[in-house]
2 protein chains.
Amino acid sequence: MTVVAGLLADPVRARIVRVLARGPACVCHLVEDLDLKQPNVSNHVRVLRHAGLITGENRGKFTFYHLNHVMLDTAAAQLSELAATAREHAEARRDCA
Amino acid sequence: MTVVAGLLADPVRARIVRVLARGPACVCHLVEDLDLKQPNVSNHVRVLRHAGLITGENRGKFTFYHLNHVMLDTAAAQLSELAATAREHAEARRDCA
DNA sequence: CTGTCACATCATCTTCAGCTGATATCAGCA
DNA sequence: TGCTGATATCAGCTGAAGATGATGTGACAG
């Protein structure tokens, strides 16, 4: 979860992920949709790919990136579980030394 | 979601949140549990409080912090929805210009 | 095999966030 | 009132990460 949070913490990466949620796209799409410089996009894509949140598929001259929805689901489940734990222990008391 | 992600992106803040998920705690607890300096903890707590992820309750000399589990649940739901969107459009095709 | 296009990588700069020591504030108690 | 302990705030340093221009690489067209 912390890993995914770290990835989505950057606003540019969050936007990239949202674009990819609407379907696979290549770098040129991201550059155009998000109005960013190409090296900037490539750098962020590199981070996301290295972390496993997206995967690259070579299609000729282009590289299409796919979002790993399983990883997102796992992170969501962990967040949800954390919330459940907090709800359970909301009234717990703890002494100060 | 991006807000919560930004908060949990820092490993120290993620640990603080996990401690608070086990029940309310004051700064002295966090300092001891996480083996951190007090100003460091206060700074992170300040960020979390300002974002609304935790709330402070004054109890005499101490300040107990409570985790906002609703905010966590909301973030989890948004993540889950993003994953669902990605699953739906996983096979979408998009042309390059 | 040469040019072009999509993308990756590099070097550099700049900005920002976290850590820390010092200090301020504020509540409770003698 | 004066002291002590818990927490907040401040100033300064340092390291990490993002943005950008220049350049490398690899595939396709001609």
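Each chain gets a letter, A, B and so on, in the order its sequence line appears, and its residues count up from 1.
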To the nearest angstrom, the CG-P distance between B/Leu30 and C/dG18 comes to 16 Å
Note: for B/Phe62 and A/Gly60 on DNA chain D, the residue whose nearest nucleotide lies more 5' is B/Phe62
Of the candidates C/dC7, D/dT7, C/dA27, the side chain of B/Lys61 sits closest to C/dA27
For residues 78-93 of chain B, the side chain to side chain donor-acceptor pair (under 3.5 Å) pairs (sequence neighbours left out) are A/Asp73-B/Arg87
Above 12 or not: heavy atoms from other molecules or residues under 6.0 Å from CZ of B/Arg59? yes
### Message
Considering every strand and a 4.0 Å limit on heavy-atom distances, what is the contact class for B/Tyr65: base, sugar-phosphate, or nothing?
### Response
sugar-phosphate
Only distances under 3.5 Å count here; give the side-chain donor-acceptor pairs of residues 4-27 of chain A to other protein atoms, sequence neighbours excluded, each with its distance to 0.1 Å.
unit_1: A/Asp10; atom_1: OD2; unit_2: A/Val12; atom_2: N; d: 2.9
unit_1: A/Asp10; atom_1: OD2; unit_2: A/Arg13; atom_2: N; d: 3.1
unit_1: A/Arg13; atom_1: NE; unit_2: A/Leu7; atom_2: O; d: 2.9
unit_1: A/Arg13; atom_1: NH1; unit_2: A/His44; atom_2: ND1; d: 3.4
unit_1: A/Arg13; atom_1: NH2; unit_2: A/Gly6; atom_2: O; d: 3.4
unit_1: A/Arg15; atom_1: NH2; unit_2: A/Leu34; atom_2: O; d: 3.2

Numerically ordered, the residues 34-51 of chain B set in heavy-atom contact under 4.0 Å with DNA chain D is B/Gln38, B/Pro39, B/Ser42, B/Arg46, B/Arg49
ask   = Do other residues, nucleotides or ligands put more than 12 heavy atoms under 6.0 Å from B/Arg46 CZ?
value = no
Bend of the helix from C/dC1-D/dG30 to C/dA30-D/dT1 from end-axis comparison, five pairs per end, nearest 10°, comes to 20°
Kindly list each side-chain donor-acceptor pair under 3.5 angstrom involving residues 64-72 of chain A, sequence neighbours excluded, with atom names and distances?
unit_1: A/His66; atom_1: NE2; unit_2: A/Glu57; atom_2: OE1; d: 2.7
unit_1: A/Asn68; atom_1: OD1; unit_2: A/Val70; atom_2: N; d: 3.2
unit_1: A/Asn68; atom_1: OD1; unit_2: A/Met71; atom_2: N; d: 3.2
unit_1: A/Asn68; atom_1: ND2; unit_2: A/Gly52; atom_2: O; d: 3.1

B/Arg59 CZ to C/dG28 C1', in whole Å, measures 16 Å
Here the residues of residues 9-26 of chain A within 4.0 Å heavy-atom distance, strictly under, of DNA chain D are A/Asp10, A/Val12, A/Arg13
Run B/Leu36 and B/Val31 through side chain to side chain contact (heavy atoms under 4.5 Å, CB included) and show every step you take.
CA-CA 5 Å; B/Leu36 298 168; B/Val31 167; 5.7 Å; no
